[in-house]
*Asks:* 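Below you will find the structure I want to go over with you.
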Protein chains: 2
Amino acid sequence: MRTAYCGTLNHTYIDQKVTLCGWVHRYRNLGSLIFIDMRDREGIVQVFFSPDYPQTFCVAGELRNEFCIQVIGNVCIRTEKNKNRSMPTGDIEVCATNLSIITRSESVPLDFSKNNNEDIRLKYRYLDLRRPEMANRLKARSRITSIVRQFMEKSGFLDIETPVLTKLTPEGARNYLVPSRCHIGKFYSLPQSPQLFKQLLMISGVDRYYQIAKCFRDEDLRSDRQPEFTQIDVETSFMSAQEVMALMESLVHTLWQKIKSVSLHNFPVMTFAESRRRYGSDKPDLRNPMELIDIADCIKKMEFLGFSKPLNNATDRITALRVPGGAGLTRKQIECYIKFCKNYGLNGISWIKIYHRSTGLSGISSPLIKHLNEEIIGKLLDRTTAIDGDIIFLAADLEDAVTNALGALRIKIGNELKINNNSAWEPLWIVDFPMFTVDEQGDLTPMHHPFTAPQLMSIDQLRKEPETAIANAYDMVINGHEVCGGSVRINEWIMQKTVFDLLGISQDEQNQKFGFLLEALKFGAPPHAGLAFGLDRLVMLLTDSDNIRDVIAFPKTTSAICPVTDAPYTVNPLLLMELGMKT
Amino acid sequence: MRTAYCGTLNHTYIDQKVTLCGWVHRYRNLGSLIFIDMRDREGIVQVFFSPDYPQTFCVAGELRNEFCIQVIGNVCIRTEKNKNRSMPTGDIEVCATNLSIITRSESVPLDFSKNNNEDIRLKYRYLDLRRPEMANRLKARSRITSIVRQFMEKSGFLDIETPVLTKLTPEGARNYLVPSRCHIGKFYSLPQSPQLFKQLLMISGVDRYYQIAKCFRDEDLRSDRQPEFTQIDVETSFMSAQEVMALMESLVHTLWQKIKSVSLHNFPVMTFAESRRRYGSDKPDLRNPMELIDIADCIKKMEFLGFSKPLNNATDRITALRVPGGAGLTRKQIECYIKFCKNYGLNGISWIKIYHRSTGLSGISSPLIKHLNEEIIGKLLDRTTAIDGDIIFLAADLEDAVTNALGALRIKIGNELKINNNSAWEPLWIVDFPMFTVDEQGDLTPMHHPFTAPQLMSIDQLRKEPETAIANAYDMVINGHEVCGGSVRINEWIMQKTVFDLLGISQDEQNQKFGFLLEALKFGAPPHAGLAFGLDRLVMLLTDSDNIRDVIAFPKTTSAICPVTDAPYTVNPLLLMELGMKT
């Protein structure tokens, strides 16, 4: 029905007859001539109808926006003054000789020329996706998955599907349940990841597995979460963490090169501890140049209570955050930041503005001024490398409060004062995570998941000092977003059982939930490691989107509703009875 | 950890040092030498341990089947008499210099050298998948999807994910339901296909969509069905049925070429009516040369009641099935076939054996012999082209009974008497299906689904004579299996509404279930058509598998249980309470 796409017409088509199929993007009737912008998947081209073809001209008079049409016409070059440089096809236009209206359109509830309310956009998703901006995101996503697949296949990975109707998986969020009709009273659950199946595949000898897998979590949604999401799921045997990281880094290099024509630098590797210490986060945005700088030794002699007391406490931290050019902040802005920090439990916070560094105490302004002296201020300014016009926030409190609050403040100020280098790409690896977090009762929770192997630690050591165990895990962070996380897995059943024991999982529960894994580990399980990328997040980064819903064809709202189909929906109680259920 | 795969070692490695990782496939301790077959994903190679490396030899003594090991050694050519032609690496072997036992294995519950009970195979799936035969199926499946993706992408199709948590879909089988926790008392359902979403994508202007999509049906399982299965799902805009068929035929040509090195012939196109008439089926296996041959006119003068009565009835059919070489069938075998036909409701059935065609009546044997004469027998033998040694089954009854029974008998005899040309590939297209089937109450059911467009029929005509409507639908059949089915879709809301009305779907139900589709069709919906391949079936054909479970990594049993994880499972009633449910 067509010989070319609207969006791909160019010089080479001049004087050629083409047949186009698509939609009326914009309609202008000048009386003596009718112009339309005609749109298809590949873009937009201008088509005009003249009275030289009276029948066609007459039909063109009926056109309205979003009619689906077929046009036959000749491609002509536009006169110099009519060329439209902002349009890829702006040098040419199509003189229509024939026109068929395929289907008419009612007037659409979206205005393509301006921003529409997201509720309307989601309800009429099929119309919103007609906007070239949205269509291009779908195209980019398709291209991205294609590049990923080609890379993985070239690297010897097999694409293997794992079940969607399965048993609960232990990622922490809640599982969606699916009642079984054949086995009344029993349920499948939808996987939060294919974790256990991919480990079984390694035990099968598959050696290199990947899957672009739908995963599910039934939890309260945040704006950047969806109840169903997509993972690039990877697992390998006989490869070290470093080899897995190098391979996956190379995949990301390829993606950025092919999609954004950007050559990423080699990814630095930073330990979890260093990242927390310097950036107050395990997913630091390195586009932001600010760092948390420990200053306990600089202010040893300071007497102000808030800052001298913590010095004696090993669980406290005293840290500065220098904000370049921050001396211009108003008192109100500063108070606002201090209040922000208090939300993270940080109470011991103050600040110093530097106006004239060279004049020492008289060149600064600070609520702490009475407690400072030339020696302290000299050390502080040296340590923080502060210059005239900066502000330094000083924090002293429990370590977690200081780290979390200044980490968050760093991000907030970086964005608000536009300190970030937003055009940069700053990927890195975070490694050496603790195996467990310990709560106040001393209970352990796995930092990744319970299948992660410890680094160089015997089973005896692990049993004795689990809180010191470092996991053989790695996260890839780009511009402050965790794009993938993975680990070397436990491949010995006795180690796996030890971890389950440490987590307080009873023998019964171990058998019931993970019995098949423990058993499988007894049959010569290979060393294996893997990771998973969040595809939605990756596509967001690669398409400069800040809304996860913009990179999914039919997303759900933050309350997990599909606005197109109105799912979830009320079902006939008889259907439930068949499942042996009632609400 | 490795420098080569076991299975890829060959001449070019001779005298090289290699590091291998894998499993002990077979262990033979000859006292003075220890041999193992070592296995990894790519295959098997022989490794030997000699006392020349005493430490390694000592460790090798501990080896048992399925231990996971690392071997360093030198590749050597085998002596002529030790070469093993039945093994791809049979010309060489590896002389081990170092051996590490990575993990030990308990003795495995499967015997790889013989057929194991399927229950055990499914429970220990991760061990069964170690068998090269099974591992090769996974590899083939991965390669097949890769070829499909490359083909689709080269043809301009975008890979787009559609939701898994969605509203009920109307394919006929039952939907799995998923209770929502955010919206107590409401449910998502798992899709039986992405049908409605892919149509919405066409309305969005996506133009060419494909997806390798998980689909679900909650129904009583047959041996060749799975509760979750995979479709190659395709939809295009502005293409005719013929263009879609040509493109998809080309995909199948590519698959057979690349996977089986077979050049398929061009696919014949046969109407539904012709296929039913000639083969008693809408998915004829053309490897079977037998056809149903109508003979009503040949036996006009025959007086035997069973065959003369139907002649007067327009809903009856009188048909012969010639079985080449069937004259050798015993009376018992024949009775068995006649009984088989009765299961399909066919009562009027008889037979003629041809011993010496040239001697006419005296050269045949038949229960009908008294009712036959030379003229009838001459016509019958001419029409059926029977030769000496054949048997002809004759059937006269209601049309459906004759067609269905002889269609089934044709397949049964084809298999049992090995009449099929089993090495052949016989693909074809079936087209011109009726839009609807009509039941005894006169109620209509869509033959494909309610979104299929009729061929060249106005809305008025359709309303008047729906039972005569022919659908613009097409199925691809290969060797008697329907591998894909599709259609041109309705793209006008008034036609779609008419079909819903004809199907007896109330206005309320239309709004509730399909309101969003009806609305979407009002905004310039393009002409669109598509189809879906059953990927599991395609992989079965391409890997010569006769069990769907053999081509799925972790299949469910026929009672929809996952034997590895024991899903479905009993959940904590508290979890159900959170969902507002109880059993």
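Each chain gets a letter, A, B and so on, in the order the sequences are listed, and its residues count up from 1.
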*Asks:* Determine whether Tyr188(B) and Lys556(A) make a side-chain contact, defined as any pair of heavy atoms from C-beta on separated by less than 4.5 Å.
*Replies:*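 With C-beta onward as the side chain, the pair touches.
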*Asks:* Picking from Thr162(A), Leu177(A), Thr570(A), which has the most non-hydrogen pairs under 4.5 angstrom with chain B?
*Replies:*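 Option with the top pair count is Leu177(A).
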*Asks:* Please classify the contact of Ala135(B) with chain A as side chain, backbone, both or neither, using a heavy-atom distance under 4.5 Å.
*Replies:*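 Neither part, no heavy atoms under 4.5 Å.
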*Asks:* Look at the rings of Tyr126(B) and Phe523(A) and say which category their plane angle falls in: under 30° parallel, 30 to 60° tilted, over 60° perpendicular.
*Replies:*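 Answer is tilted, since the angle falls between 30° and 60°.
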*Asks:* Show every salt bridge (charged side-chain N to carboxylate O under 4.0 Å, His left out) that has at least one partner inside residues 156-165 of chain B, sequence neighbours left out.
*Replies:*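 Checked against salt bridge (charged side-chain N to carboxylate O under 4.0 Å, His left out) - neighbours excluded - the pairs reaching residues 156-165 of chain B are Arg141(A)-Glu161(B), Arg149(B)-Asp159(B).
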*Asks:* Can you name the residues of residues 206-213 of chain B that have some heavy atom under 4.5 Å away from a heavy atom in chain A?
*Replies:*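 Only Val206(B), Asp207(B), Arg208(B) of residues 206-213 of chain B have a heavy atom under 4.5 Å from chain A.
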*Asks:* What part of Leu200(B) lies closer than 4.5 angstrom to a heavy atom of chain A: side chain, backbone, both or neither?
*Replies:*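 Interface part for Leu200(B): both.
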*Asks:* So what's closer than 4.5 Å to chain B heavy atoms on Leu535(A): side chain, backbone, both or neither?
*Replies:*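 It is the side chain, since no backbone atom gets that close.
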*Asks:* Using a cut-off of under 4.5 Å for heavy-atom pairs, which of Glu153(A), Glu42(A), Gln150(A), Arg39(A) has the most such pairs with chain B?
*Replies:*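 Max contact count across the listed options: Glu153(A).
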*Asks:* Under 4.5 Å heavy-atom distance to chain B, tell me which part of Asn65(A) shows up: side chain, backbone, both or neither.
*Replies:*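 Contact with chain B: none, neither part.
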*Asks:* Are the side chain of His183(A) and the backbone of Ser559(B) linked by a donor-acceptor contact shorter than 3.5 Å?
*Replies:*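 Between the backbone of Ser559(B) and the side chain of His183(A) there is a qualifying donor-acceptor contact (under 3.5 Å).
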*Asks:* Which residue out of Val178(A), Ile102(A), Leu129(A), Asp218(A) racks up the most heavy-atom pairs below 4.5 Å with chain B?
*Replies:*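 Among Val178(A), Ile102(A), Leu129(A), Asp218(A), the one with the most close pairs to chain B is Asp218(A).
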*Asks:* Decide whether Tyr569(B) and Gln512(A) meet the rule of one side-chain donor and one side-chain acceptor closer than 3.5 Å.
*Replies:*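 No, no side-chain donor-acceptor pair sits under 3.5 Å.
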*Asks:* With under 30° as parallel and over 60° as perpendicular, where do the rings of Phe197(A) and Phe554(B) fit, or are they tilted in between?
*Replies:*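 If you compare the ring of Phe197(A) with that of Phe554(B), the planes turn out tilted.
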